[in-house]
Amino acid sequence: MSAMVGSQRSCNVLLRGAALIGLANFACGQATLEDLRDELSDAVAAERYPAFLAALIGLNSESQLSGARLEDEGDLATSFEVYSYPWRRDFEDGPWGRRWQVEATAGFTLADWTARNALAGSGAQNSVDIDSRFRVFGLTLGAGPIVEVGDGWELRPTLELGLSYVDNRARYSGPGAASLSALADGILFNWNATYALYGASVTAQRQPWIWRELRFQPTLRIDARVSDALAADDAAQESTTTTGWSVAALEVSGDAGFTLAGQRVDWAGRVGYKRLFEEAGELIGFHDYFELGGRLELDTQGVLPVLSRLGLSAALIVGEDVNGWTAGLSASL
């Protein structure tokens, strides 16, 4: 599954940190490099750089509506590509005599940001073109009991633990390239860090109800994550930060009425809504969106080894500040 998101707002707010500490003063020799790097580190942290990184990590570990290509309707100076594989399974005989759910999400995210004539406002000698890329690698594991609450509804609380590796690689060109490299490398650009992730989620899910051979299944989920730096190149990347999101979805499914290679094919339609918590939405560049789509699934049990179902899905994304589409393949054990 993949996702692409565009927004300039999320990274331009970070560049203000470099402007605030006075790159021109460094170029003119009016301040020492060490002092300016200390001031940059403080300014970048104050501009919520760690919260932006936490939002990236959260985007990388989300498991409900993660398969999408999204584009900001305004500026595309920043783009996010997310590749994730969510997996979950129910176990009937868990601890304390309850059913349990175990889930895992592996993710890889690329966030590319470009700026032309950055910092030119502090003098032509400081103008620089920047091509910056964030990479996020992550794995999140979750487990928790399945609690029946009546009328076919279940609550699925889980505790989440994970690791995420984030790095940034940037290239500069222009009169201010050397100065920006000396000032910002290891703080705002060209650094790496490893984060521990922990948090919780709760899912309210109803057993499907049947109407005219159609199956209806609603799902509500809320996630909260804390990212805590285990190792980082600078204090600007180290702040412990919380992020989160909520998802509501309704799926309708039924028999597609035809077979493929003698195997039954099912169809499903899905309406989903995702809401990012306030700070995460502000820094990523959008707060919420709707997903409208469907999928076809082929029953492969007894035909293919290990796999029981194969699926092909597609959907449209619509929101106030974002639009796009999704496409993906799925497999069930």
Side-chain angles (χ1 to χ4, degrees), residues 1 58 60-67 84-107 138-163 197-211 213-225 244-255 263-274 291 293-313 328-333:
M1 295 183 178
N60 193 62
S61 64
E62 200 275 313
S63 63
Q64 291 292 316
L65 302 180
S66 56
S84 65
Y85 182 79
W87 171 90
R88 59 179 54 87
R89 175 175 289 183
D90 294 349
F91 293 89
E92 297 296 326
D93 300 317
W96 303 296
R98 290 188 175 277
R99 295 167 57 216
W100 279 65
Q101 174 183 272
V102 175
E103 63 180 20
T105 302
L139 176 63
T140 305
L141 304 176
I146 301 173
V147 182
E148 296 181 4
V149 294
D151 197 26
W153 283 91
E154 300 173 337
L155 286 180
R156 296 170 174 248
T158 63
L159 294 178
E160 311 284 341
L161 295 173
L163 282 174
L197 308 178
Y198 52 93
S201 71
V202 60
T203 303
Q205 183 171 299
R206 193 188 189 283
Q207 295 297 323
W209 72 77
I210 310 297
W211 180 75
E213 299 183 352
L214 298 178
R215 293 161 54 91
F216 294 79
Q217 185 170 46
T219 300
L220 302 171
R221 176 164 173 153
I222 297 176
D223 283 82
R225 296 283 189 279
W245 55 89
S246 61
V247 171
L250 175 64
E251 183 170 287
V252 184
S253 60
D255 186 347
Q263 298 300 115
R264 171 177 166 169
V265 177
D266 292 325
W267 68 272
R270 181 181 176 92
V271 178
Y273 171 76
K274 179 174 179 177
E291 177 188 283
R295 71 176 185 275
L296 293 175
E297 283 195 340
L298 176 66
D299 185 352
T300 59
Q301 195 162 9
V303 178
L304 295 178
V306 182
L307 300 179
S308 62
R309 300 183 73 84
L310 292 175
L312 175 65
S313 63
L329 296 171
S330 62
S332 302
L333 301 181

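All heavy atoms count here, side chains included; hydrogens, waters and symmetry mates do not. The first residue of the sequence shown is numbered 1, and numbering continues consecutively from there.
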Subject >> Pairwise distance CD(Gln217) to OG(Ser253) - rounded to 0.5 angstrom >> reply: 8.0 Å

**OP:** For residues Thr140 and Leu161, determine if any side-chain heavy atom of one lies less than 4.5 Å from a side-chain heavy atom of the other.
**Re:** no

Subject >> Trp100 (side chain) donor-acceptor with Glu92 (main chain) under 3.5 angstrom >> reply: no

**OP:** Side-chain contact test, heavy atoms from C-beta onward, threshold under 4.5 Å: evaluate it for Glu291 versus Arg270 and give yes or no.
**Re:** yes

Original post:
Can you tell if the side chain of Arg206 reaches within under 4.5 Å of the side chain of Asp151, non-hydrogen atoms only?
Top reply: yes

Original post:
For the atom pair CG (Asp266) and CG (Asp299), what is the distance rounded to the nearest 0.5 Å?
Top reply: 7.5 Å

Subject >> Close side-chain approach of Val102 to Trp87, heavy-atom, < 4.5 Å >> reply: yes

Original post:
If you look at every heavy atom in Ala200 and Leu159, which pair is closest and at what distance?
Top reply: CB-CD2, 4.3 Å

**OP:** Specify the closest pair of heavy atoms between Leu155 and Ala204, including all atoms of both residues, with the distance to one decimal.
**Re:** CD2-CB, 3.9 Å

Original post:
Under 4.5 Å between any side-chain heavy atoms of Asp90 and Arg156, yes or no?
Top reply: yes

Original post:
Is there a side-chain contact between Arg98 and Val147 (heavy atoms, below 4.5 Å)?
Top reply: yes

Subject >> Candidate pair Glu160 and Arg225, rule side-chain contact (heavy atoms from CB on, under 4.5 Å), full reasoning >> reply: CA-CA 8 Å; Glu160 311 284 341; Arg225 296 283 189 279; 3.5 Å; yes

Subject >> Rounded distance [0.5 Å steps], CH2 in Trp209 versus CZ in Arg215 >> reply: 12.0 Å

**OP:** Show the numbers, then the answer: is there a side-chain hydrogen bond (donor to acceptor under 3.5 Å, both in side chains) between Thr158 and Ser201?
**Re:** CA-CA 5 Å; Thr158 63; Ser201 71; 2.5 Å; yes

Original post:
Would you say Thr300 and Gln263 make side-chain contact, with heavy atoms under 4.5 Å?
Top reply: no

Original post:
Any salt bridge between Glu251 and Arg295, counting N to O under 4.0 Å?
Top reply: yes

Subject >> Nearest-0.5 Å distance that lies between atom CH2 in Trp267 and atom CD in Glu297 >> reply: 12.5 Å

Original post:
Say you draw a straight line from CG of Leu141 to CG of Leu139; how long is it, rounded to the nearest 0.5 Å?
Top reply: 4.5 Å

Original post:
Heavy-atom distance under 4.5 Å between the side chains of Arg99 and Glu154, does that happen here?
Top reply: yes

**OP:** For residues Asp255 and Val265, report the shortest heavy-atom separation together with the two atoms involved.
**Re:** OD1-O, 3.4 Å

**OP:** Measure the spacing between CH2 of Trp245 and CD1 of Ile222 and express it to the nearest 0.5 Å.
**Re:** 12.0 Å

Subject >> Glu103 and Arg221 ion-paired at < 4.0 Å >> reply: yes

